Each structure stands twice: as structure tokens, then as C-alpha cells.
Amino acid sequence: MTTPKAIVTRFAPSPTGRLHVGGARTALFCWALARQANLSNPGSGAFILRIEDTDRLRSSDASTRRILDDLAWLGITWDEGPELRTSSGFAGGGDPRGVGPFEQSARFEMGEYDKVVNTLLDSGRAYHAFETPEELAAMRDAAMKAKWQFRYDRSALSIPEAERRRRAESGEPHVVRFLMADEAIEFDDEIRGHVTIQPSELDDFVIRKADGWPTYHLAVVADDEAMGVTHVIRGEEHLANTPRHVALQKALGYRIPTFAHLSLIFNPDGSKMSKRDRDKAARQACESAGLGSSPVEILPESDFERWMKDKRQALAPDQLEAIADKLDIELPEIDVCDFEAAGFLPETLCNFLSLLGWSPGDDIEKFDNEFLAQRIALGRMVKTAAKFDRKKLLSFNTDSITAMSDGEFHRRWRTWCELHDHAVLKRLDAGQVELLAAALRPRCKTLREAAVSARFALVGAEAIRFDEKAVQKTLLKDDGEGLGVLRGIRGRIEAMTEFTCDAINELVKAYSESAGVGMGKVAQPLRVALTGSTVSPPIDATLAVLGKVQVLTRIDRCLKECAVQAS
Ligand code: GLU
């Protein structure tokens with residue numbers, strides 16, 4: 001039994017790659033509208049996740065799974081669609097209205113699209129056409145030379161209908177084209193307003209390809225109708241497709257859904273936010289490092305050379321990540337998983353994404369998904385392209401981390417480290433991780449930054465490289481005042497019986513009082529000796545996490561190295 005719903009939205013990704021933040025924003029708005037309906041009238045909204053995998057060459061199950069995982073990570077749950085269970089439980093999916101399956105490949109196998117194509121053939125609104133790809137290419141070429149916009153000239157219609165059917169049924173290669181009516185197509189877009197397309201701008205587009213698969217246009221229209229979709233919310237790049245969809249919907253007697261095309265997302269410099277930005281950043285890093293050969297083994301030399309020379313070439317995500325790791329650079333985040341790996345919090349990313357093209361008004365900027373669901377209104381969305389301001393996102397993320405409890409941050413950081421920085425959990429015991437988490441939380445912008453700040457504790461004393469400037473300024477200056485502090489405090493550290501943060505604080509305080517120097521003059525030399533630089537977590541946590549033996553070893557090594565430098 002199908003229960004009618006007031007609002008049915010759908011997010012319909014093609015599983016040909018990773019989930020772009022633009023797609024995540026679409027999914028979030030679709031989720032929020034359906035949720036809004038459910039808040040005012042439970043059961044009246046549904047958010048569908050549909051997998052548009054008709055491009056058999058480029059689609060993959062792995063990519064579908066990643067998209068599902070990314071949505072689950074963002075906290076965007078879908079009421080209907082492929083089911084997903086993650087380690088934290090049920091993430092979304094199901095088919096309570098019996099409108100599935102939700103993969104277009106499965107719907108194709110069931111003959112769903114052929115049914116619709118046949119309806120159009122039978123009503124005379126579609127026809128078989130037999131031009132070969134070469135013939136079509138020649139027609140396109142001729143149109144280009146004559147500076148016309150190519151439109152299929154309907155030559156197939158000069159073949160009598162019975163003959164066309166006979167040839168198609170006998171297995172002659174063919175496509176099926178939609179017979180466009182000679183009338184303007186009009187529709188209302190909630191964001192763009194009224195749109196009118198003249199018949200001269202539309203041609204008899206293909207609805208079923210020669211291999212029997214439906215085109216995107218046919219599949220989307222068939223599925224939106226079969227799934228009772230009331231609101232089609234998608235990126236502006238699909239606006240040009242919508243007249244075709246409306247023409248199909250009218251020819252088939254389908255409902256015309258409400259349309260809303262979301263503005264594109266740009267980089268602050270006005271360029272389109274694309275995966276290529278990552279290639280560009282990695283290429284620039286290779287150029288400035290003067291690399292003549294690939295810095296990573298997984299990238300064959302010939303591919304590396306081609307990629308360096310030709311700016312249009314793109315590497316696979318794992319190749320780019322390997323280069324970034326090797327050169328110790330950060331690539332601009334583009335896909336949802338990039339933001340996850342960079343240590344952003346999902347709720348903060350959702351908050352930020354929902355402000356791209358929409359705002360709740362009243363100067364409100366910080367909110368959660370539930371608030372978005374309460375307030376979202378298509379009428380408040382803007383046409384102008386949205387700018388993706390990474391600095392703002394980073395400041396949102398910093399604020400969220402600052403507002404978090406130590407316990408929550410510890411839990412989240414552990415989970416992040418399990419996926420992205422095994423060394424933290426491998427080298428440190430549970431107590432050390434907890435201690436570091438509490439020390440780092442108030443001063444890190446991302447989960448990743450916390451892991452980077454923890455690196456000093458993951459290596460042996462011999463791996464510490466002393467920063468030249470820090471050594472000069474903190475240890476050698478003023479006749480080696482800092483070295484004097486290290487020598488003086490060393491014995492007191494050795495004598496400690498309890499090596500807790502409190503005890504360490506007491507010791508530093510007592511030493512600074514007895515030596516008549518400020519706390520900073522004690523803490524900074526210790527920082528340099530223990531981590532190589534003047535930046536580290538608070539001094540008590542820095543010592544406590546290393547433990548007494550390691551602290552003494554590092555102080556001794558520093559004194560020895562500096563003695564050589566000073567002499
Ligand atoms: N599958 C399309 C895409 O990934 C979306 C189609 C739609 O929303 O209508 O771009």
C-alpha cells in the first residue's frame with residue numbers, strides 16, 4: 001500500500017566518483033525539506049536516495065558504498081533507498097512504500113524504462129531512429145561548419161512507422177528519440193523563477209540508447225514519477241536538462257514536480273570548485289620542489305611526466321594523496337571524504353554547507369541540522385553562485401571543537417585516528433591519548449591538527465630535530481640562560497616520584513620562583529628540548545605524556561647537542 005506523501009525529495013548521485021561537497025549540500029537540503037514535513041505532520045515527508053548507475057562503464061559498487069558512507073558520516077539519513085549499516089548501526093534506507101528498487105541498473109533489469117519508452121512509442125511521441133554514430137557525427141560536423149546549432153533533422157520520420165518498427169524488432173541497431181512538440185516549454189523554478197524555452201532550442205533527444213539502456217533524461221523522469229517525487233532539488237548544472245524532463249512529463253501525463261536548482265559553488269577566486277584544484281596544488285608543489293621524477297612509487301614515471309606537462313590531466317585520488325603525504329603538503333578539500341580526512345566535524349560541515357545559497361535570517365549562522373529542517377525555505381535560496389570560504393569553515397570548526405567537552409573530543413579524535421593516523425593509537429596508551437586530547441582540544445582547529453601536534457610524542461628522542469631559531473632564542477641567547485634552566489631543573493625532574501600534570505605544574509612553578517625567572521622562561525627551554533620547537537601542548541601535558549624517562553633522555557640529548565653548538 002502506497003501512502004501519499006506531501007513532500008518527497010530525492011538525492012540521485014551517479015556513483016562514478018566520490019561525493020562532492022556540492023552533492024552533499026543538495027542531499028542536505030533534500031533531507032531537510034522532507035524532515036520539515038515530518039516535523040509538522042509525522043509521516044508526510046520522505047527523502048529518497050536513488051543511485052543513478054546507468055553509465056555502466058563509469059559506475060561502481062565501491063563508489064556507491066562510499067557515497068552512502070559519506071552521507072552517513074554527515075548525519076544525512078535517507079528514509080528510502082539502499083540500506084546501509086555501519087559500525088555505529090543503521091544509517092538509512094528501506095522501502096516502506098514499495099517504490100524501489102533504488103538502483104537504476106536494477107530498475108532497468110526489471111524493464112521499468114522500456115515500459116515508459118513503449119508508452120511513448122505507442123502514443124506516437126517517440127520513434128526509432130537508425131543513423132549510425134558516424135552518420136550523426138557527420139551531421140554534427142556539417143552543422144558546426146555551417147555555424148548552426150545541431151538539431152537532429154528527423155530523417156527517421158521519413159521511414160513509414162510500420163517499417164521502423166519492423167527494422168527495430170528485427171534487431172537493427174537503433175536508438176529511440178522523443179518527438180518534441182512544437183511548443184514552448186515553461187516551468188517554474190523555486191529559485192530561478194519562471195523559465196521559458198522556445199521549441200527551436202530543443203530537439204528530438206535520445207531516450208533509449210542503442211545498447212538498450214535509457215538515457216539520463218528518460219530514467220530520471222520515469223523514476224521521479226514512479227517514486228512519487230514531489231520536489232526535484234538539484235544543482236544548477238541540471239537546469240538545462242529540465243525542459244526536456246518537463247516535455248517528457250507532459251507527454252506522459254505525469255505530474256510536474258516542483259523544481260529548485262541550487263546555485264553553483266565557487267572558490268573564493270571565482271573559479272569553479274573542482275577536483276582539478278587538487279591536481280593543481282599537487283603539481284605546483286612538485287614544481288616548486290623541482291621534481292623531475294615521480295615522488296611516489298604508485299605513479300609510473302610516464303604518467304607523472306604527462307601529468308606535470310598537461311594541466312588537463314588528473315591523477316587518481318590515492319595517487320594525489322600519496323604525493324601530498326610525501327611532500328608534506330595539504331591539498332584543497334573538494335569531496336566530502338577530503339574534509340573528513342582533514343579532520344572537520346560533520347555537523348560543522350553541514351552547518352557551513354547549508355549557508356551556501358541559503359540563510360535562516362536573523363543573523364543566525366551557527367545551527368544544527370534539526371534547526372535547518374525547521375527553517376529551510378526554498379524561497380530564501382539565492383540565485384547567485386555561492387563562495388566556498390575555507391577560512392570561515394575552519395573558524396566554524398575551531399568554534400565547535402572549543403565548545404566540545406573533553407570527553408566528546410577524546411571520543412571523536414580516537415575515531416578519527418583509527419581511520420587516519422594509526423600511529424597515535426599505536427604508540428600511545430589509552431591514558432596518554434586521553435591526556436593529550438584534553439591538552440590539545442582548546443588549541444586545535446581540526447582533528448587532524450591535533451594529531452599533527454601529537455607527533456612529538458610518537459617518536460623516539462633521536463628523531464627530534466631542533467629548530468635552529470628556537471635553539472638560538474630559547475637556549476643559547478643571554479649566555480645560555482635556557483640551557484642553565486634545563487641543567488637546573490633536570491635533577492628536580494629526576495627526583496619526582498609522581499609524574500602527573502599537577503605535580504609537573506608544581507615543579508615548574510617552584511623552580512621559576514626559586515630561580516627568579518618567569519614560568520615562560522622555564523617552559524620554553526623545556527619545550528625546545530622535548531619537541532624541538534617552541535610550540536607544543538601545555539608544558540605539564542607535554543612532560544606527562546612523554547613520561548619521566550623520556551623527558552630526561554630528551555633533556556640530556558638536547559644539552560649534548562647544544563653544548564656542541566655553543567662551543
Ligand atoms: N545523477 C545526476 C547527477 O549525479 C543527478 C540527477 C538529478 O538530480 O536529476 O548529477
Side-chain angles (χ1 to χ4, degrees), residues 7-34 46-68 70-71 76 78 80-82 99 101-108 112-113 116 185 187 189-192 195 205 207 209 213-249 252 254-265 272-275 334-336 357 378 381:
I7 301 245
V8 178
T9 57
R10 87 305 193 267
F11 176 53
S14 305
T16 53
R18 315 189 319 172
L19 179 61
H20 186 279
V21 279
R25 180 191 57 169
T26 302
L28 182 61
F29 286 168
C30 289
W31 169 87
L33 270 184
F47 167 47
I48 300 175
L49 174 61
R50 182 170 75 221
I51 302 299
E52 302 209 325
D53 55 353
T54 53
D55 183 341
R56 298 313 288 154
L57 280 181
R58 294 175 59 231
S59 299
S60 74
D61 289 347
S63 179
T64 299
R65 175 64 208 231
R66 275 193 91 139
I67 293 172
L68 267 55
D70 285 346
L71 289 172
I76 301 175
W78 53 104
E80 300 177 9
V99 297
F102 298 94
E103 293 85 7
Q104 288 187 330
S105 53
R107 303 182 74 78
F108 168 73
E112 288 297 303
Y113 306 117
V116 180
I185 297 291
F187 62 93
D189 183 281
E190 293 290 305
I191 301 173
R192 266 136 240 289
V195 179
F205 58 94
I207 54 174
K209 296 181 266 182
W213 283 81
T215 55
Y216 155 68
H217 305 301
L218 191 278
V220 121
V221 166
D223 290 346
D224 283 346
E225 173 71 12
M227 295 175 180
V229 169
T230 61
H231 288 66
V232 170
I233 300 162
R234 57 187 168 200
E236 193 190 314
E237 64 278 17
H238 287 296
L239 185 62
N241 295 325
T242 306
R244 293 191 180 93
H245 301 175
V246 173
L248 279 171
Q249 281 152 348
L252 287 156
Y254 290 175
R255 289 160 306 109
I256 311 287
T258 299
F259 290 104
H261 289 88
L262 305 172
S263 56
L264 296 177
I265 302 179
K272 197 162 166 232
M273 200 176 159
S274 102
K275 298 178 199 298
I334 305 290
D335 294 319
V336 169
L378 293 175
M381 307 222 165

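Counting convention: from 1, in listed order, for ligands and their atoms alike. Computed from a prediction, not measured in an experiment: that's the story for all the values here.
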Quiz item: Touching ligand 1 at all, Arg10? Heavy atoms, strictly under 4.0 Å?
Solution: yes
Quiz item: Is there a donor in the side chain of Arg234 and an acceptor in the side chain of Thr242, or the other way round, less than 3.5 Å apart?
Solution: yes
Practice problem: For Asp61, look at atom CG and say whether over 12 heavy atoms of other residues, nucleotides or ligands are found less than 6.0 Å away. | Solution: no
Quiz item: Once you round to the nearest 0.5 Å, how far does CZ of Phe205 lie from OG1 of Thr215?
Solution: 7.0 Å
Quiz item: Just which atoms of ligand 1 are under 4.0 Å from any heavy atom in Tyr216?
Solution: 6 (C), 7 (C), 9 (O)
Quiz item: Where the side chain of Arg192 meets the backbone of His261, is there a donor-acceptor pair that is under 3.5 Å apart?
Solution: yes
Exercise. For atom 9 (O) of ligand 1, find the nearest protein heavy atom and state the residue, atom name and distance (0.1 Å precision).
Key: Arg234 NH1, 2.7 Å
Practice problem: Tell me whether the centres of the aromatic rings in His231 and Phe47 are closer together than 6.0 Å. | Solution: no
Exercise. Around atom 10 (O) of ligand 1, find the nearest protein heavy atom and jot down its residue, atom name and distance.
Key: His238 NE2, 2.8 Å
Self-check item: Atom indices of ligand 1, in the order listed, that fall short of 4.0 Å to a heavy atom of Val220
Solution: 9 (O)
Exercise. Please confirm whether Phe11 comes under 4.0 Å of ligand 1, counting heavy atoms of the residue only.
Key: no
Self-check item: Closest approach of any protein heavy atom to atom 5 (C) of ligand 1, naming residue and atom
Solution: Ala12 O, 3.2 Å
Practice problem: Tell me, yes or no, whether the heavy-atom count around Lys209 atom NZ, taken from other residues, nucleotides or ligands under 6.0 Å, exceeds 12. | Solution: yes
Quiz item: What atoms of ligand 1 come closer than 4.0 angstrom to any heavy atom of Ser14?
Solution: 1 (N), 2 (C), 3 (C), 4 (O)
Quiz item: Checking Asp53 side chain against Ser105 main chain: does a donor-acceptor pair fall under 3.5 Å?
Solution: yes
Quiz item: What are the atoms of ligand 1, with element, lying closer than 4.0 Å to any heavy atom of Glu52?
Solution: 1 (N), 2 (C), 5 (C), 6 (C)
